[in-house]
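Before any comments, here is the structure.
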Amino acid sequence: MTDDDKGVTVLGLGAMGSALAGAFLAAGRPVTVWNRTPGKEAALVAAGAATTGTAEAALAANRLVVVCLQDHRSVHEVLDPVGDALAGRVLVNLTTGTPEQARELDAWARERGAEHLDGGIMAVPPMIGTPGAFVLYSGARGVFDAHRATLDALGGSRFAGADPGAASLQDLALLSGMYGMFGGALQAFALIRSAGGSATEFAPVLREWLGSMSDFVTGSAEQIDTGDYGTGVDATLAMQAASYVHLVEVAESQGVGTELLLPLAGLMDRRVADGHGHEDITSVIELLVGRRS
Ligand code: FVH
């Protein structure tokens, strides 16, 4: 059974929940919205959404229920009191959380007779409903397939796996890459600013450089999957560790913080000391994995 002609309930009208509801409306879906704090629904109601005074009434309005709240705790604060109303519903939780939280909610929802998908939104609110946005989903494949046509209103729908935690893991992996890039860009801008330079003028060359360096991801992934970090390396870890010292030195001499730089320096130095200086920087991953706390 599909929900192609059915409506969607959206719980949570923060920046992202409002964008999700707007995209469903734009796709022609009947939408019912609810938010803890009244007032955020006004623009959506003006655009055709229905609203309810309680989360329970919103759950009753549609079989497909999309939740986008601040965090896992707020999801339970909203859903726990109305758990019985979830029976027969399809709960799609797009709130950012950990894989463990996704699995916990999956079991919790199924105990109450609901189907469940966990999702990770790879977009900022203005991107929702545009070709640049995509959303990762995990859970039962059949549930994803049955509701995909509706969910496609948000952006590209990508199935991450049957483990309810799979979408969250990929989401957090992508965000880890993003924040690494943000940290690097901030360090670069800090150096430029420390010398009185213009971040705006420097931005195009930084963007060009980061774009070309992002090609590293493909080759690096092959090295990780094969475990061969030493074949055909033209920028050895020993060379990179030695030149990385300059990044730290120039930051210190310019009065720029080194907090973002030092962790990677430590890892590179350890790996070189362990006899892997001839390998690629990718081999540092061997110091990161297998550290389950
Ligand atoms: N915005 C973004 O760029 C990112 C993109 C990737 C995905 N994230 C995740 O989406 C979740 C929601 O983010 P948001 O941007 O909508 O966040 P806010 O604008 O701060 O809205 C938060 C909503 O959560 C409601 N809320 C918070 N605590 C509770 C609670 N205890 N009970 C009920 N509702 C709660 C809040 O309601 P109110 O304060 O208006 O009453 C908002 O509706 C998030 O997981 C991101 O990581 C967004």
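All ligand and atom numbering here is 1-based and tracks the order in the structure.
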Flag the pair R110 and D106 as a salt bridge only when some basic side-chain nitrogen lies within less than 4.0 angstrom of an acidic carboxylate oxygen. yes
When you check the gap from the basic side-chain N to the acidic O, do D163 and R103 get nearer than 4.0 Å?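 Salt bridge: yes.
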When only distance counts, is [X] in polar contact with ligand 1, meaning an N/O pair under 3.5 Å?
X    : answer
C68  : no
P125 : no
V124 : no
D71  : no
T95  : no

Using a 4.0 Å heavy-atom threshold (strictly under), name the region of [X] that reaches ligand 1: side chain, backbone, both or neither.
X    : result
L13  : backbone
K40  : side chain
V78  : side chain
A123 : backbone

According to a hydrophobic-cluster definition based on side-chain heavy atoms being under 4.5 Å apart (Ile, Leu, Val, Met, Phe, Trp, Tyr only), do [X] and [Y] belong together?
X    : Y    : answer
L151 : M122 : no
L105 : V66  : no
V8   : V82  : no

Identify, for [atom], the protein heavy atom at the shortest distance, and state residue, atom and that distance.
atom                    : result
atom 7 (C) of ligand 1  : T96 OG1, 3.8 Å
atom 27 (C) of ligand 1 : Q70 CB, 3.5 Å
atom 15 (O) of ligand 1 : M16 N, 3.6 Å
atom 19 (O) of ligand 1 : A15 N, 3.0 Å

Can you name the atoms of ligand 1, numbered from 1 with element, that are less than 4.0 Å from a heavy atom of E77?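 It comes down to these atoms of ligand 1: 30 (C), 31 (N).
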Sub-4.0 Å atoms of ligand 1 with respect to non-hydrogen atoms of I121: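 Reading through ligand 1 atom by atom, the close ones are 6 (C).
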Should the pair H76 and H72 be assigned to parallel (<30°), tilted (30 to 60°) or perpendicular (>60°) ring geometry?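 Because their plane-to-plane angle is over 60°, the rings of H76 and H72 count as perpendicular.
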